[in-house]
Amino acid sequence: MSKTIRMSMGLLQQEMGSIRVIMGYLLGMTFLMLGLYDFLRYAIEIKEPVNICEAFIVTQNQAIAGRFWVMGYLLVIANAPFVKENTYIILYRSGRRAWNIGMLLYVFIQAFMYTTCFAVLSIVVSIPYGFSGKLWSSPVYMLVATPSNAIAEKYHIFFDGVAMMKYMTVLHAFGITFLYMFCYFAFLGVLLYVCNLVFGSFWGLAAVAVVHLGGVILSFVAKFHQSPAYYVDSAGSHWRYPCMMLVFIFVITLVSLFAVGKVDIQTR
């Protein structure tokens, strides 16, 4: 286990200095700031403070979040399966399965870091305009309760969070939103890695594009959303999406464990 952790941390150290990875984070933060701007402009103009955790929750609920935030993350891990000049030495010393687990662990670390950057930045930007604690703010109550949808039309924001505000505190909703985002990024990352490892880089990108665009279509056709606000109820239905993502991740990981011993790993 220590070998896999050292491999993943060593890869993280190498990759975080890459211009591609830096640009991926900057791209994601740019899309985040666009959503934050609309939400905070709304709060400023009505002259009411917001909870500093609400910006992340409301912004993640927007359609642009699910469609474009992922672009930065895919740029970050676009180099999957992360074959370097020293990969043959690592394979010789540690074996293929240990190397495979190390690379998968790196994907999870990047998914967690990317999600954390979104959450932290949204809090930091909101500090001058809000307060901390468990309570929901007046602007979010108004955003949910306004029947005419005038706020959404004027500020380009919406929040279908009636059930979430009823059954969850802001901190609970913040944690669930973080979990949804992390699980989705981790799922896409593992899918990209395994498809690139087994079939080649084109097929990994194609698989991720089909899954992501399919999710966008399902959000309109079948009301399948990536935001927990749509699933919260008294029965705990909001846990179904993370559990489903974890099952997918587990299955794809098992495929990688069997496939890594047969694929031809070529250094770049």
Side-chain angles (χ1 to χ4, degrees), residues 1-16 18 20-21 24 28 66 69-115 179-218 224 226 240-268:
M1 187 63 182
S2 61
K3 290 183 179 180
T4 60
I5 295 175
R6 287 199 300 269
M7 280 187 284
S8 60
M9 296 308 296
L11 178 60
L12 179 66
Q13 185 177 6
Q14 294 178 40
E15 290 286 285
M16 290 307 293
S18 167
R20 170 182 48 77
V21 174
W69 285 7
V70 71
M71 293 174 62
Y73 175 66
L74 293 179
L75 186 58
V76 169
I77 60 169
N79 200 34
F82 318 113
V83 179
K84 306 285 186 178
E85 290 80 3
N86 63 340
T87 297
Y88 282 157
I89 298 176
I90 296 175
L91 290 172
Y92 176 76
R93 292 179 177 178
S94 303
R96 286 182 171 231
R97 289 200 173 183
W99 172 82
N100 180 62
I101 295 173
M103 300 304 100
L104 288 170
L105 180 59
Y106 167 76
V107 171
F108 286 115
I109 293 173
Q110 280 291 12
F112 182 81
M113 289 177 56
Y114 193 77
T115 308
L179 179 63
Y180 268 56
M181 186 174 173
F182 166 72
C183 286
Y184 184 64
F185 285 151
F187 164 63
L188 290 183
V190 171
L191 178 64
L192 178 68
Y193 165 77
V194 174
C195 288
N196 281 357
L197 177 68
V198 177
F199 302 110
S201 57
F202 169 80
W203 295 106
L205 182 59
V208 168
V210 169
V211 169
H212 184 61
L213 294 177
V216 173
I217 295 173
L218 286 175
F224 180 78
Q226 297 169 8
R240 294 176 184 173
Y241 181 91
C243 290
M244 180 179 65
M245 290 291 105
L246 290 176
V247 169
F248 289 155
I249 291 171
F250 179 74
V251 171
I252 299 172
T253 300
L254 285 181
V255 171
S256 74
L257 293 177
F258 287 103
V260 71
K262 300 179 180 179
V263 297
D264 181 19
I265 300 176
Q266 298 180 353
T267 57
R268 299 180 179 182

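Below, all heavy atoms of this structure are taken into account, side chains as well, without hydrogens, waters or symmetry copies. Keep in mind that this is a model prediction, so the values were computed, not measured.
- The OH atom of Y184 sits 15.0 Å away from atom CG of L179, with the distance rounded to the nearest 0.5 Å.
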*Given F108 and V190, is the side-chain contact (heavy atoms from CB on, under 4.5 Å) satisfied, shown in steps?*
CA-CA 8 Å; F108 286 115; V190 171; 3.9 Å; yes

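- When all heavy atoms are compared, the tightest approach of A78 to L192 is CA-CD2, 4.4 Å.
- The heavy-atom pair separating R20 from I77 by the smallest distance is NH1-N, 4.3 Å.
- A pairwise comparison of heavy atoms in N196 and G204 identifies OD1-CA, 3.1 Å as the closest pair.
- Residues meeting the salt bridge (Lys or Arg N to Asp or Glu O under 4.0 Å) test with R97, sequence neighbours left out: none.
- Across A111 and A186, no two heavy atoms sit closer than the pair CB-N, 3.8 Å.
- Between I109 and M9, the closest side-chain pair of non-hydrogen atoms falls below 4.5 Å.
- Note that OG of S8 is 12.5 Å distant from CD of E15, once rounded to the nearest 0.5 Å.
- One finds the CE atom of M16 at 4.0 Å from the CE atom of M113 (value rounded to the nearest 0.5 Å).
- Residues T115 and Y73 form no side-chain contact, since every pair of their non-hydrogen atoms from C-beta on lies 4.5 Å or further apart.
- Relative ring orientation between F182 and F112 is described as perpendicular, the plane-to-plane angle rising above 60° on a 0-90° scale split at 30° and 60°.
- Taken to the nearest 0.5 Å, the OH atom of Y114 stands 9.0 Å off from the CH2 atom of W69.
- Between F187 and V211, the closest heavy-atom pair is CE2-CG1, 3.6 Å.
- Taking the side chain as every heavy atom from C-beta outward, Y193 and L104 approach each other to under 4.5 Å.
- Across A98 and M7, no two heavy atoms sit closer than the pair O-CE, 3.2 Å.
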Ignoring hydrogens and angles, write down the donor-acceptor pairs under 3.5 Å from the side chains of residues 246-259, residues two or more places apart or on other chains.
{"unit_1": "T253", "atom_1": "OG1", "unit_2": "I249", "atom_2": "O", "d": "2.7"}
{"unit_1": "S256", "atom_1": "OG", "unit_2": "N100", "atom_2": "ND2", "d": "3.1"}
{"unit_1": "S256", "atom_1": "OG", "unit_2": "T253", "atom_2": "O", "d": "2.6"}

